[in-house]
There are 2 protein chains.
Amino acid sequence: MNQLITKQTNNQVQDILKRNQLSVTGSRKKILQLFLAQDGAIAHGDIEKRAGEKFDRVTVYRTLQTFVDKGIIHVIPTADNSIRYALCKDDCSEGHHQDHHVHFVCTQCNTTYCLDDIVIPELKLPKGYSSSHIEVVAEGICKNCKTPVHLP
Amino acid sequence: MNQLITKQTNNQVQDILKRNQLSVTGSRKKILQLFLAQDGAIAHGDIEKRAGEKFDRVTVYRTLQTFVDKGIIHVIPTADNSIRYALCKDDCSEGHHQDHHVHFVCTQCNTTYCLDDIVIPELKLPKGYSSSHIEVVAEGICKNCKTPVHLP
DNA sequence: TTTCTTTTGCAACCACGTTGCTTTTTATTA
DNA sequence: TAATAAAAAGCAACGTGGTTGCAAAAGAAA
Ligand SMILES: [Mn+2]
Ligand SMILES: [Mn+2]
Ligand SMILES: [Zn+2]
Ligand SMILES: [Zn+2]
């Protein structure tokens with residue numbers, strides 16, 4: 001079964017790389033698999049840990065940069081300066097990211113989620129200020145860490 | 001006149017340091033003056049440049065850390081990972097920061113402002129998520145960079 | 001398989017931040 | 001004002017995260 005999933009994922013990985021005109025290499029396959037197997041974002045450190053036994057530090061950096069350039073993943077700003085990445089939706093492409101959405105960091109499991117469907121509300125700025133883009137990061141408890149409610 | 005301002009500011013600096021039970025030293029005076037003379041936040045790099053000719057790199061780090069600990073300044077999260085600091089309002093004190101406000105980064109002059117009076121609007125999170133704190137950073141044109149309107 | 005192009009690994013480097021320790025400065029008290 | 005104790009500053013050394021140039025290896029195309 002694990003084998004089956006791997007095969008499926010493998011096709012998906014090949015597909016994404018081909019579609020973006022990237023050659024299929026070990027490092028790219030490995031890192032892309034990490035993203036596909038993950039609900040939410042991954043910190044650079046974790047990627048390096050999980051891919052780093054097999055690949056050089058520099059290769060990991062370059063692979064991630066390539067993916068960002070191609071619009072396959074996007075960078076998520078964090079308060080603690082640890083860089084995180086997450087898969088982009090399909091409407092991103094080379095040089096054209098479309099990743100303006102709210103991010104949610106769970107304070108319990110430390111997972112970062114992209115909340116693509118949440119509307120960023122209007123902000124009443126002071127006189128003279130006008131904003132072109134608003135970055136919102138919410139902190140709290142995620143769906144998986146929520147304390148379950150006992151029904152009577 | 002410059003002399004007068006300096007004297008006034010000097011008193012203010014002494015006052016802030018005394019109030020927080022900090023000894024009055026060259027580095028602390030210099031760095032605090034930078035903040036008092038500035039509308040908006042200052043990047044660590046700038047502080048180091050403007051105070052660094054006279055003081056050691058390490059001293060600048062330690063001074064800023066002391067100010068943060070005492071609730072004199074607060075750290076501002078930025079997308080580009082350049083750490084910025086701004087003066088806290090009076091309701092911050094040692095170990096008790098009260099700096100939950102919107103930040104505004106001007107894309108023209110690159111100044112970062114603390115918008116203390118802006119209300120952070122409610123966010124409709126997906127089912128299962130609950131947030132305890134929302135970080136908002138708005139990007140755009142500030143009051144000083146706004147294109148002036150010609151009156152007829 | 002051969003050839004050309006792209007990617008990788010390695011070594012070296014830089015920027016940023018931290019730590020331990022000694023010297024200097026500040027506050028306190030005589 | 002001079003002596004003392006406590007705090008801060010300077011220095012050197014180190015760690016981490018990220019970058020660059022170049023030679024070797026792997027991938028794509030033929
Ligand atoms: Mn996202
Ligand atoms: Mn602020
Ligand atoms: Zn969680
Ligand atoms: Zn501006």
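In what follows, every chain begins at residue 1, and chains take the letters A, B, ... in the order their sequences are listed. The shown structure was predicted, so the numbers you read here are calculated from the model rather than taken from an experiment.
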- Item | A:Lys18/A:Asp15 under salt bridge (Lys or Arg N to Asp or Glu O under 4.0 Å): CA gap, chis, key distance, verdict | CA-CA 5 Å; A:Lys18 290 268 172 68; A:Asp15 201 59; over 6 Å; no
- Residues from residues 21-29 of chain A lying under 4.0 Å of DNA chain C - heavy atoms: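 Hits under 4.0 Å, by residue number: A:Ser23, A:Thr25, A:Ser27, A:Arg28.
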- Query: Listed in order of residue number, which residues of residues 61-72 of chain B have a non-hydrogen atom at under 4.0 Å from DNA chain C?
  - Reply: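 The stretch gives B:Tyr61, B:Arg62 as the residues lying under 4.0 Å from the strand, ordered by number.
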- Looking for any heavy atom pair under 4.0 Å, which part of the strands does B:Leu17 touch: base, sugar-phosphate only, or nothing? nothing
- Just checking A:Lys54: base, sugar-phosphate only, or nothing, at a heavy-atom cut-off of under 4.0 Å? sugar-phosphate
- Query: Run the side chain to side chain donor-acceptor pair (under 3.5 Å) check on A:His133 and A:Glu135 step by step: do they pass?
  - Reply: CA-CA 7 Å; A:His133 171 55; A:Glu135 192 75 55; 3.3 Å; yes
- Walk me through it: do B:Arg84 and B:Thr112 pass the test side chain to side chain donor-acceptor pair (under 3.5 Å)? CA-CA 8 Å; B:Arg84 284 164 180 252; B:Thr112 301; 2.9 Å; yes
- Message: Please find the pair of heavy atoms, one from A:Cys114 and one from A:Ala86, that lie closest to each other, and give the distance.
- Response: SG-CB, 3.7 Å
- Task: Spell out yes or no: do the side chain of A:Arg57 and the base of C:dG9 have one donor N/O and one acceptor N/O closer than 3.5 Å?
- Result: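 Answer no: no donor N or O sits under 3.5 Å from an acceptor.
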- Would you call the rings of B:Tyr113 and A:Tyr129 parallel, tilted or perpendicular if under 30° counts as parallel and over 60° as perpendicular?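 The arrangement is perpendicular - the two ring planes meet at more than 60°.
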- Task: Measure up the B:His101 and B:His74 rings against each other and bin them: parallel (under 30°), tilted (30 to 60°), perpendicular (over 60°).
- Result: perpendicular
- State which residue, out of B:Asp116, B:Leu115, B:Asp117, fulfils the side chain to side chain contact (heavy atoms under 4.5 Å, CB included) condition with A:Pro126. B:Leu115
